[in-house]
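Everything below concerns the one structure shown next.
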Amino acid sequence: MPELPEVETIVNSLRPRVVGKTIIGIVVRDTRPIQQIGVEEFCRRLMGRSIRGLSRRGKYIIFSLSHKNNLVVHLRMTGALLWNPAGPEPFSRLEFVLDDRSKLVYTDVRRFGTFCLARDAGKIVGKLGIEPLNKEFTRPALAAYLGTRSTPVKTALLNQERIAGIGNMYADEALFAAGIHPLRPSSSLKPQEIAALHRSIRAVLKKAVKNQGASIRNYRQPDGEAGRAHEEFAVAHRGGQACPHCSTTITRIVVGQRGTYLCPHCQTAPGMTTLKSRTKGLTGQ
DNA sequence: CATTGTCCCTGGAAGC
DNA sequence: TGCTTCCAGGGACAAT
């Protein structure tokens with residue numbers, strides 16, 4: 001599932017391959033991903049445009065195009081952007097042919113992904129919150145946000161309008177690394193817990209970017225390779241396995257309709273007072 | 001406004 | 001073996 005580290009990896013991989021190229025062909029195998037406008041207009045506004053730049057905001061990918069246009073892509077659950085895939089892709093939905101004859105193929109088993117065209121990308125990504133890897137994501141900013149919320153802290157971390165890019169897996173990993181139970185009310189976190197969570201969020205995301213994302217399900221890099229970040233997950237998608245710190249069996253609960261993995265020993269349950277910081281091995285580098 | 005719940009979608013796993 | 005049922009979950013949207 002592409003979250004911030006996966007999208008960052010995709011953008012970094014694609015950038016040198018597509019920036020400066022011109023779109024000379026489009027194959028629409030499925031119209032569902034195309035939002036707000038018809039297929040015809042979508043193609044007309046993309047054909048002959050050159051790709052000037054590629055960037056990420058939250059979990060969105062932004063292709064900056066000539067003629068002041070932006071193609072804003074969200075991969076949702078199972079979307080992938082593949083560059084010159086070796087064979088036919090069974091779930092190919094859109095294909096873009098570039099002027100060097102290279103092909104950018106959008107595949108998506110479950111068809112949740114979206115493609116939007118906008119003169120102003122802010123119209124789509126403008127509501128997103130702070131980028132957790134940017135300087136503006138400070139400990140006081142996190143404290144100010146969490147301090148006023150009663151929702152479970154995990155739910156708060158998933159709110160894209162406040163912090164952009166954290167998804168289900170990395171919320172679990174960050175909370176484990178900080179020793180915080182996902183069901184703790186946001187406003188109940190103590191200053192030292194907020195400090196630990198702030199460090200953990202950055203450390204977990206940075207480490208995952210370095211490992212080129214996590215291939216839990218369908219995620220692939222544009223060259224078709226899997227990521228390695230999931231190999232180092234402590235709890236995410238590891239129900240039934242042993243906690244790397246205390247060997248307690250990792251459990252799965254549901255928080256805000258999302259599957260949630262945690263160590264019941266290391267992550268103090270709501271209402272309990274013991275604080276166990278688990279930031280070891282995550283230097284935040 | 002904050003918060004909760006429903007829906008979208010389909011392959012793969014689990015159950016019978 | 002083959003059929004049916006359930007599950008995964010980001011974000012839009014509706015309801016409270």
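Chain naming here is simple, since letters A, B, ... match the order of the sequence lines and numbering starts at 1 in each.
The interatomic distance linking Leu158(A) (CG) with dA2(B) (P) rounds to 17 Å, in whole Å. Rounding to whole angstrom units, CD of residue Glu161(A) and P of dT3(B) are separated by 12 Å. Nucleotide dG10(C) holds its C1' atom 12 Å from the CG atom of Asp108(A), rounded to whole Å. Taking atom NZ on Lys123(A) and atom C1' on dA12(C), their separation rounds to 17 Å, with Å as the unit. Atom CZ of Arg93(A) and atom P of dC9(B) are 11 Å apart (whole Å). Leu128(A) places its CG atom 9 Å from the P atom of dA12(C), with the value rounded to the nearest Å. For the pair Leu146(A) CG and dA2(B) P, the interatomic distance rounds to 14 Å; values are reported in whole Å. One interatomic measurement links the two molecules: CG of Leu75(A) to C1' of dG10(C), which rounds to 11 Å at whole-angstrom precision.
For the pair Thr148(A) and Phe91(A), both in contact range of DNA chain B, the more 5′-proximal nearest nucleotide belongs to Thr148(A). Where Tyr60(A) and Gly259(A) meet DNA chain C, the nucleotide closest to each residue was compared, and Gly259(A) sits on the side nearer the 5' end. Between Phe112(A) and Lys127(A), the residue whose closest nucleotide on DNA chain C is further toward the 5' end is Phe112(A).
Of the candidates dT4(B), dT10(B), dG10(C), the closest approach to any side-chain atom of Lys59(A) belongs to dG10(C). Relative to the side chain of Glu3(A), the nucleotides dG10(C), dT10(B), dC9(B) differ in distance, and dG10(C) lies closest. The listed nucleotides are dG10(C), dG11(B), dT3(B); the one nearest the side chain of Ser150(A) is dT3(B). For Arg149(A), the side-chain atoms get nearest to dA2(B) when compared with the rest of dG10(C), dA2(B), dG11(B). Between dG10(C), dG11(B), dC8(B), one nucleotide has an atom nearer to the side chain of Arg76(A) than all others, and that is dG10(C).
Salt-bridge formation is detected for the pair Arg184(A)/Glu193(A): a Lys NZ or Arg NE/NH1/NH2 atom is positioned less than 4.0 Å from an Asp or Glu carboxylate oxygen. Salt-bridge check for Glu225(A) with Arg220(A): failed, with every basic side-chain N at 4.0 Å or more from each acidic carboxylate O. Checked for salt-bridge contact, Glu40(A) and Arg45(A) miss the test: no charged N lies under 4.0 Å from a carboxylate O.
Side-chain polar atoms of Ser102(A) and Asn84(A) form no donor-acceptor pair below 3.5 angstrom.
Residue pairs meeting the salt bridge (charged side-chain N to carboxylate O under 4.0 Å, His left out) criterion with at least one member in residues 1-18 of chain A, sequence neighbours excluded: Glu8(A)-Arg56(A).
Aromatic rings of Phe233(A) and Tyr170(A) (six-membered ring for Trp) have centroids within the 6.0 Å cut-off, being under it. Taking the six-membered ring for Trp and the full ring otherwise, Tyr219(A) and His230(A) have centroids separated by 6.0 Å or more.
Within 4.0 Å of Gln257(A), counting heavy atoms only, lies at least one base atom of the nucleic acid. Counting any heavy atom pair closer than 4.0 Å across all strands shown, Arg258(A) reaches a base atom.
Note that the two end axes of the helix from dA2(B)-dT16(C) to dC16(B)-dG2(C) enclose an angle of 50°, each drawn from 5 base pairs, rounded to 10 degrees.
The one candidate from Phe115(A), Phe91(A), Trp83(A) that meets the ring-ring contact (aromatic ring centres under 6.0 Å, His included) condition with Tyr106(A) is Phe115(A).
When the side-chain nitrogen and oxygen atoms of His74(A) are compared with OP1 and OP2 of dG11(C), one or more of them lie within a distance under 4.0 Å.
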